[in-house]
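To keep things clear, I will list the structure first and then write my remarks on it.
Convention: sequence-line order gives letters A, B, ...; per-chain numbering from 1.
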Amino acid sequence: MKSGGMRGIAGKISNETYINLAMLISLVVLFFLARLALPKFASIANIQNLISNQWYIILLGIGVTHLLIAGYFDMSVGGVVAMAGVLSVFFCQGNTSTASELSRGLNLPYGISIALTLLACLGIGAINSFFIAKLKVASIIITLGTMSVARGIAQILTQGAQRNTDLPDVFTVIGKTSIPGTSMTIAVLIVAVFVILAIVAEKKTVFGRRIYQIGANQNAARLSGVKVERQVTILYLISALLAGITGILLASEFGAGYSSRGRGYEFDALVITLLGGTSINGGFGSAFGTVIGALIISVITSTATGLLLRPEWQYIIKGAATFIAIMAQRYALEKRMSNG
Amino acid sequence: MENILEIRNLVKVFPGVRAVDDVSFDVKRNTVHCLVGENGAGKSTLIKILTGAYTKTGGSIKLNGAEYQAGSTGEARAKGITTLFQELNVVDQLTVEENLTLGREDTTLGFLRRTDKINKCVSLLHEIEPSINPKAVTSTLSVAQKQIIEITKAAASKADIIIMDEPTASLSENEAERLFRIIRELCSNNMTVIYISHRLDEIFKLGSYVTVMRDGRHIGTKPISEVKDRGELIKMMVGKMIRENYIPNPNAADEKLLEIKDLSNHKLKQVSLHVNKGEIVGFYGLIGAGKTELARAVFGVDAIEAGEILYKGRRVGASPSQMIEAGIALVPEERRTQGLFTLLTIKANIPVMKMDRVSRNGFMDKTKEREVAESYVRDMGIATNSIEKEVGKLSGGNQQKVVFSKCLCSEADLFMLDEPTRGIDVGAKSEIYNIIRRLSSDGKSIMIFSSELPELLSVCDRFYLLFDGRIKAELKNSADIDSEKIVNIVTGGDAA
C-alpha cells in the first residue's frame with residue numbers, strides 16, 4: 001500500500017467522500033466544458049438559472065435520498081406536490097364568487113390553509129408508512145398507489161384543470177419574492193436550509209446513523225435493537241412533508257394550483273439521488289451527493305438546450321447522461337472496494 | 001452384491017480446513033446406505049460433492065463403474081443422482097402433476113403437450129402413494145406428501161441414487177413410517193438410497209449399511225446387522241474427543257438471572273430453564289433440535305405461544321430493542337446476514353446496540369465514537385489497520401470479534417451466543433473462548449447455543465440437551481463427563 005500521492009489520499013477517505021468528490025469534479029468539468037461551448041454559460045444570470053431550474057427537485061430529493069439509503073422507494077412525491085399545491089389554493093380561496101365552482105374555496109386564513117395542507121400530506125406519508133413499515137408491503141407498489149391517490153385528489157378538486165382565482169394577496173408572497181440582488185426566489189433559500197438540516201441529520205445525529213444501519217442490513221439492525229418500523233415511518237412522514245412544502249411553494253410562485261403539477265418529479269428526484277451516488281440497494285449515499293446530482297442534470301440539460309436550441313432533446317440527453325454517470329460510478333466504487 | 005458408487009481417497013479442502021479428508025467407501029446397489037456423524041463431520045460436504053454443488057479437491061468417485069463428476073445439481077440429476085433436500089424443491093403454486101414433470105415437460109414450439117409422460121408419472125405416484133390427488137394444488141399438501149412428490153419425480157426420471165438429507169426432520173411418526181415403507185419399495189425396484197439422519201433409531205430400522213464420519217474422515221462402513229447397538233455407533237461418531245480441559249468456574253453465583261418457564265411456540269415444546277449470575281450455560285443439540293429457535297424466542301425475535309420469560313425476576317418485553325434495553329445481547333447465528341453491517345466501518349458497527357455511549361442528546365460525539373471503537377479493537381484484538389475499515393473486508397474471526405464488541409458495547413449482563421465460533425479458524429476460536437471466560441469473571445452470564453460438543457465441554461458450567469424442540473436433560477459439567485451419553489441423548493436416545 002506504499003504508493004503515496006493520489007492513492008495515499010484516496011486510501012484515507014471514505015467511499016462516500018470518494019464518490020461525492022468524483023461527482024463534484026465531474027460537475028466542475030462539465031461546467032467548464034459547457035462554458036467552452038457557450039460563452040455565456042458562466043454568467044451570474046445563467047448560474048442562478050441552473051439553481052432555479054432544480055430547487056424543487058432537490059427539496060423532493062432529500063426525502064427520497066434518505067428513504068433510498070434506508071432501502072425504500074418513495075414514488076408518491078410528485079403526486080403529493082400536485083395535491084399540496086391544489087389544497088393550499090382550495091383552502092384559502094374566497095367562497096363568494098359565482099363565476100364557477102373552481103373559483104370557490106373554503107375561505108380559510110392563509111396560515112391555517114398551509115397547516116391543513118401539510119397535515120393532508122402527512123396523511124399520505126402515514127398511509128405509506130402504515131403499509132410499508134407495518135405491513136411490510138413492497139415500497140414501490142404502495143408509493144405508486146399513493147402517488148395516484150394524491151394526484152387524484154388534485155384532479156377532483158380542480159376538475160382536471162387548475163384553481164387560481166380569488167386568492168388572498170399573501171398567497172404569492174413566498175413564491176414570488178426574490179432573494180435581494182438575485183433572480184432566485186426565497187424558495188431557494190428555504191431549500192438551502194433544508195439541505196443543511198439534512199446533511200447535519202445524516203452526518204451528526206443518531207437518527208442519521210440509524211438510516212444507514214437499516215439500509216445496510218435491516219435484519220442485523222432489528223437484532224441490534226434498532227426500532228426499524230418507527231424510523232421508516234418518520235422518514236416517510238418527512239418525505240411527504242417536504243413534498244408538501246414543495247407543492248405549496250410552487251403554487252405560491254405561480255399563484256395557482258395545477259392538477260398536473262409535479263408530473264414525473266418522482267422520477268427526476270430518483271434520478272438525481274442515484275446520480276448523487278446513493279445506492280439503489282440502500283446503505284450508502286448522501287443528501288449532498290443528491291444536490292450535486294441535481295446540478296449535474298441542470299448543467300447537462302441547459303447546455304443541450306443552449307446548443308441545440310431544441311428543448312425536446314433534453315430527455316434523451318438526460319437519460320444518456322444518467323446511464324453513463326451511474327455506470328461510471330459503479331465501476332469506480334467496485335474497483336475501489338476490490339482494492340481494499 | 002455389486003457396487004453402484006465407489007468413493008476413493010476423496011478430499012475436499014477449504015481455506016484452513018480439510019472438510020473431507022481421504023474418504024473411501026462403497027455403496028452397494030439397491031440398499032439403504034446410512035451416513036452418520038456429528039455436525040461438522042463432513043457429511044454435507046461429501047453430499048455436496050456428489051450433487052455437484054462443490055468440486056472435489058482430490059480422489060475419485062465412480063458411478064456404475066464410470067468416473068463421476070457433476071458441475072451442478074442438474075448435471076448430477078442427469079447422471080442419475082437426485083437429492084431430496086430439507087428445503088423441498090416443489091413449486092407450491094403448481095398442481096401435483098405439473099410438479100411431477102417440472103423441467104422435463106414435453107413441448108411443441110414452446111407449447112405444452114399432454115403426453116404419456118404425465119400419465120406415467122401420475123400412475124407411478126398412484127403406486128407409491130394412492131392418497132395424493134394429482135390435480136391438487138401442491139400448497140395444499142403436507143410436507144410428507146410434498147416429499148413423496150419429489151421422490152416420485154426422482155423415480156420417474158430413472159435416478160440410480162437418491163440422497164435423502166434428514167427427511168424425517170419435519171414429519172410425524174406415522175408419516176415417517178410411511179416414508180420408510182416407500183424407501184424399502186424403491187430399493188426393491190432398482191433404486192439406491194443414501195440416507196442421512198441424526199436419529200440413530202431410524203438407521204437401525206431402515207438401513208442396510210452405515211458409514212460413520214468424524215472430523216472429515218471416514219471412520220468405518222459396516223452392514224447394520226454387524227452393528228451391536230446405538231452405543232457402538234455413538235463411539236464411532238464421538239471417538240476420543242479432543243478438547244481443552246474444563247476449568248470449574250468460580251464465578252457462577254447461586255442467583256437466578258434468567259428464568260424461563262414452559263416456553264412453547266411453533267418449534268419449542270415446554271422449555272424450562274434458568275441461567276445464574278456469572279454462569280456459562282451451554283445448549284447442545286444437533287441441527288433441527290431447536291437451539292436457534294430457542295435463542296430467537298428468548299430474544300423476542302420469534303413469537304411465543306405460551307410460557308414466561310423472567311429476567312432479574314421480572315417479565316421482559318417481546319422485542320429485541322426491549323431485550324437490549326433490559327440488558328440482554330445476542331450474537332446471532334449468521335454473522336454476515338444477522339450480526340453485521342458489512343458495508344459500514346468497524347467504528348460504525350460497534351456502538352449500534354447502544355448509541356447513547358457515542359452521542360449526546362441525539363447528536364453524535366465523534367471523539368467518543370472513535371474512543372469506544374478503538375478501545376474495543378484493542379481489547380478484543382481485532383486485527384485491522386484502521387477503525388475506518390469496512391467490516392466486510394475483515395476475516396471471519398475478526399468479523400466475529402466485531403459482533404462480540406457490538407454486544408459488549410451494549411453493556412449487557414446476559415449474553416446469548418448462537419454458534420459463536422462457526423466458520424472461524426482455531427486461533428480465533430480460542431480467543432473467543434477466552435473472551436467468554438473473561439465475561440463470566442466480570443460477573444456476566446452467558447448462554448452458548450452450539451452444535452460443537454467439544455466447544456461446550458471446554459467452556460460451559462452446565463448444559464441443556466435439546467432434541468426435537470424439547471429439553472431432554474440438564475447436566476453439570478465436570479472433567480469426566482460422559483460425552484457418549486450426551487450424544488446418545490441428542491440423537492434421540494433415552495435420558496436415563
Item to check | Verdict with supporting geometry, B:N349 and A:Q213, side-chain contact (heavy atoms from CB on, under 4.5 Å) | outcome: CA-CA 9 Å; B:N349 267 274; A:Q213 290 160 6; over 6 Å; no
Next on the checklist: Quick one, B:V358 with A:R209, criterion side-chain contact (heavy atoms from CB on, under 4.5 Å). Give me CA distance, side-chain angles, the key distance, then yes/no.
Outcome noted: CA-CA 11 Å; B:V358 294; A:R209 291 305 171 88; over 6 Å; no
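More than 12 heavy atoms of other residues, nucleotides or ligands shown are found within 6.0 angstrom of NZ on B:K267. By the 6.0 Å contact criterion, NZ on B:K366 is enclosed, its count of non-hydrogen atoms from other residues, nucleotides or ligands being greater than 12. When the shell of 6.0 Å around CZ of A:R230 is examined, it contains 12 or fewer heavy atoms from other residues, nucleotides or ligands.
The shortest distance between side-chain heavy atoms of B:Q338 and A:N217 does not fall below 4.5 Å. Side-chain contact between A:T205 and B:M364 is absent, with no heavy atoms from C-beta onward closer than 4.5 Å. Taking 4.5 Å as the limit, every side-chain heavy atom of B:E334 sits out of range of all side-chain heavy atoms of A:N219.
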List, one per line, each side-chain donor-acceptor pair under 3.5 Å for residues 340-347 of chain B, sequence neighbours excluded.
from	atom 1	to	atom 2	distance (Å)
B:T345	OG1	B:A348	N	3.1
B:K347	NZ	B:E388	OE2	3.2

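Within the 4.5 angstrom heavy-atom criterion, atoms from both the backbone and the side chain of A:A221 approach chain B. If you measure heavy-atom distances from B:K354 to chain A, you find no contacts under 4.5 Å at all. Heavy-atom distances place the side chain of A:K227, and not its backbone, under 4.5 Å from chain B. For chain A, no part of B:R335 is nearby; none of its heavy atoms comes within less than 4.5 Å. The part of B:V301 that comes within reach of chain A is its side chain, from C-beta onward, which places non-hydrogen atoms under 4.5 angstrom from that chain.
Note on B:T337, B:L330, B:D356: by heavy-atom pairs under 4.5 Å with chain A, the leading option is B:T337. Between chain A and the residues B:G300, B:G362, B:S359, B:A329, the most heavy-atom pairs under 4.5 angstrom are made by B:G362.
Counting all heavy atoms, side chain and backbone alike, A:G225 lies closest to B:S321 at O-CB, 3.2 Å. When all heavy atoms of B:I324 and A:L223 are compared, the closest pair comes out as CD1-O, 3.7 Å.
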